[in-house]
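One structure coming up, written as structure tokens, with questions to follow.
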Amino acid sequence: MFAFNQLRCFVAVAEERHFHRAAARLNMTQPPLSRQIQALEQQLGARLFWRDSRGVRPTPAGLAFLDEARRLLRLAEGAARRTRALAEGQAGELSIGFTAASGYAVLPRLVSLLRQRLPGVSLRLREAVSAEQLASLRAGQLDLGLVRPLQAQPGLAWTRLEREALLLALPAAHPLAARPAIPPGALQGEALVTYPPVEGRYLHELVTGFYRLAGVVPGPVQHVSQAHSILALVGAGLGLALVPRAVERLRPEGVALRPLAMEAPPAAELMLAWPAETENPAAEAALAVLRAAWPQLGDGPPPGAARA
């Protein structure tokens, strides 16, 4: 069977119609070029060129083979480019998990950055709660995850990506909405709409911990999983809520958002998690891109480091 180097030699001679010019084009001398063409003709069992004093020209068999040779070279070169791109993380697929809240601000920025810097990588996004994402990361079903802090996860590396203060969401007509900032004591006895203890464990514990430390007892409590649903219930007058600042862009009409009047208000952390060992070069390339945009990623804990 012929070699790709023979095809390159054949195409050069066919296009230049001259052995000396073809040899110069290929950065080789004429004798080995002639031997490559003779070997190719022997392997194919067909004469590929007419040779005379004016040069060479393809035979009918040579003209027919020229199209096939060009096609094979294009396929080989394309396969080599794709292979290099995959090995360098410039092509392939990257699966990213995200929580609902991270989809409002951080995820769009992250996706835009990756599409700009790694245009050959296909992104596959999946919304899931943090615990589900971590299980998928360990199982190799996700490459990156935007998660809330949880306990140590063997085999995973993760570090803080963002930290955002919680804001108080309240009906725009509520008396407290007239204040620029709300003192914690003003929430005493007010109905609360907050995250559920299982599906939204991290934010649930953050909110309830704030109430406990502030010595505030809420009124009736409603549990809702998604931030947009929480804001809708606040707008309907069912209670107040503490939500991450990122949901500001979701604020419906009739809902006001106010900071808490305290020196260190509760803040929600968003982590980037990934397998400590990955066989996907696109994941390594994505982490390099993200470290440039979020320098704190380079300071993350070692795999399995505990997080409160």
Side-chain angles (χ1 to χ4, degrees), residues 89 92-111 113-114 118 121-164 166 194-209 223-230 242-247 266-291 293-294 296-308:
E93 185 176 87
L94 187 70
S95 56
I96 304 173
F98 64 98
T99 60
S102 67
Y104 305 135
V106 175
L107 182 68
R109 179 185 172 193
L110 183 147
V111 168
L113 187 63
L114 292 179
L118 300 173
V121 175
S122 175
L123 303 181
R124 182 165 55 87
L125 305 177
R126 192 176 95 199
E127 181 181 344
V129 297
S130 296
E132 183 181 340
Q133 286 188 60
L134 294 171
S136 296
L137 286 166
R138 288 194 300 271
Q141 298 167 348
L142 284 178
D143 296 304
L144 302 174
L146 295 173
V147 300
R148 296 299 182 184
L150 293 173
Q151 294 301 316
Q153 301 291 321
L156 299 183
W158 55 340
T159 190
R160 188 175 73 191
L161 194 64
E162 297 283 344
R163 189 174 190 271
E164 53 185 342
L166 297 187
T194 192
Y195 300 87
V198 177
E199 297 92 335
R201 176 183 171 186
Y202 171 74
L203 289 172
H204 172 83
E205 292 182 352
L206 190 63
V207 171
T208 56
H223 292 117
V224 183
S225 297
Q226 302 299 334
H228 62 272
S229 299
I230 289 176
L242 285 171
V243 293
R245 184 179 292 276
V247 307
E269 292 186 338
L270 182 67
M271 318 296 286
L272 181 70
W274 63 94
E277 296 182 5
T278 178
E279 296 180 355
N280 185 359
E284 294 290 346
L287 283 170
V289 168
L290 297 178
R291 285 189 180 102
W294 280 280
Q296 67 269 31
L297 290 184
D299 300 325
R307 284 280 181 175

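Everything numeric here is computed off the predicted structure, so don't read it as measured data.
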Could you check if a side-chain atom of Y195 sits within less than 4.5 angstrom of a side-chain atom of V224, using non-hydrogen atoms only?
->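 Result no, sub-4.5 Å side-chain heavy-atom pair not found.
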
Any side-chain heavy-atom pair from L94 and L118 closer than 4.5 angstrom?
-> no

Taking C-beta and beyond as the side chain, do L203 and P244 meet within less than 4.5 Å on heavy atoms?
-> yes

Taking the side chain as C-beta and beyond, is there a heavy-atom pair between L144 and L287 under 4.5 Å?
-> yes

Salt bridge between E162 and R245, side-chain N to carboxylate O under 4.0 Å?
->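 R245 and E162: not salt-bridged.
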
Atom of D143, atom of P275 and distance for their closest heavy-atom approach |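 Minimum heavy-atom separation between D143 and P275: O-CD, 3.2 Å.
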
Rounded to the nearest 0.5 Å, what separation is found between the CZ atom of F98 and the CD atom of E127?
-> 4.5 Å

Below 4.5 Å, heavy atoms only, C-beta onward: do L107 and T99 meet side chain to side chain?
-> no

Considering only heavy atoms from C-beta outward, does the side chain of T208 approach that of H204 to under 4.5 Å?
-> yes

Determine, for R148 against E269, whether the closest basic-nitrogen to carboxylate-oxygen distance falls under 4.0 angstrom.
-> no

E93 versus V121, closest heavy-atom pair with distance = C-CG1, 4.2 Å

Take V243 and L166, measure what side-chain contact (heavy atoms from CB on, under 4.5 Å) needs, and give me the verdict at the end.
-> CA-CA 5 Å; V243 293; L166 297 187; 6.0 Å; no

With side chains defined as the heavy atoms from C-beta onward, is the minimum distance between L110 and I96 less than 4.5 Å?
->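 L110 vs I96: side chains touch.
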
Are a donor atom and an acceptor atom from the side chains of S136 and R126 found within less than 3.5 Å of each other?
->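 Present: a donor and an acceptor within the cut-off.
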
Could you tell me which non-hydrogen atom of L142 sits nearest to which non-hydrogen atom of G97, and how far apart they are?
-> CD2-N, 3.7 Å

Which atom of W274 lies closest to which atom of L137, heavy atoms considered =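 Looking at all heavy atoms of both residues, the closest pair is CA-CD2, 4.3 Å.
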
Shortest non-hydrogen contact from Q141 to S95?
->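 Smallest interatomic distance, heavy atoms only, reads O-OG, 3.4 Å.
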
Is any side-chain heavy atom of T194 less than 4.5 Å from a side-chain heavy atom of H223?
->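 Counting from C-beta outward, T194 and H223 do come under 4.5 Å.
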
Is there a donor-acceptor pair closer than 3.5 Å between any side-chain N or O of E277 and the backbone N or O of G155?
-> no

A128 and Q133 have their tightest heavy-atom pair at O-NE2, 3.0 Å

In Å and rounded to the nearest 0.5 Å, what is the CD to CD distance from E284 to E279?
->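 These two atoms lie 11.5 Å from each other.
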
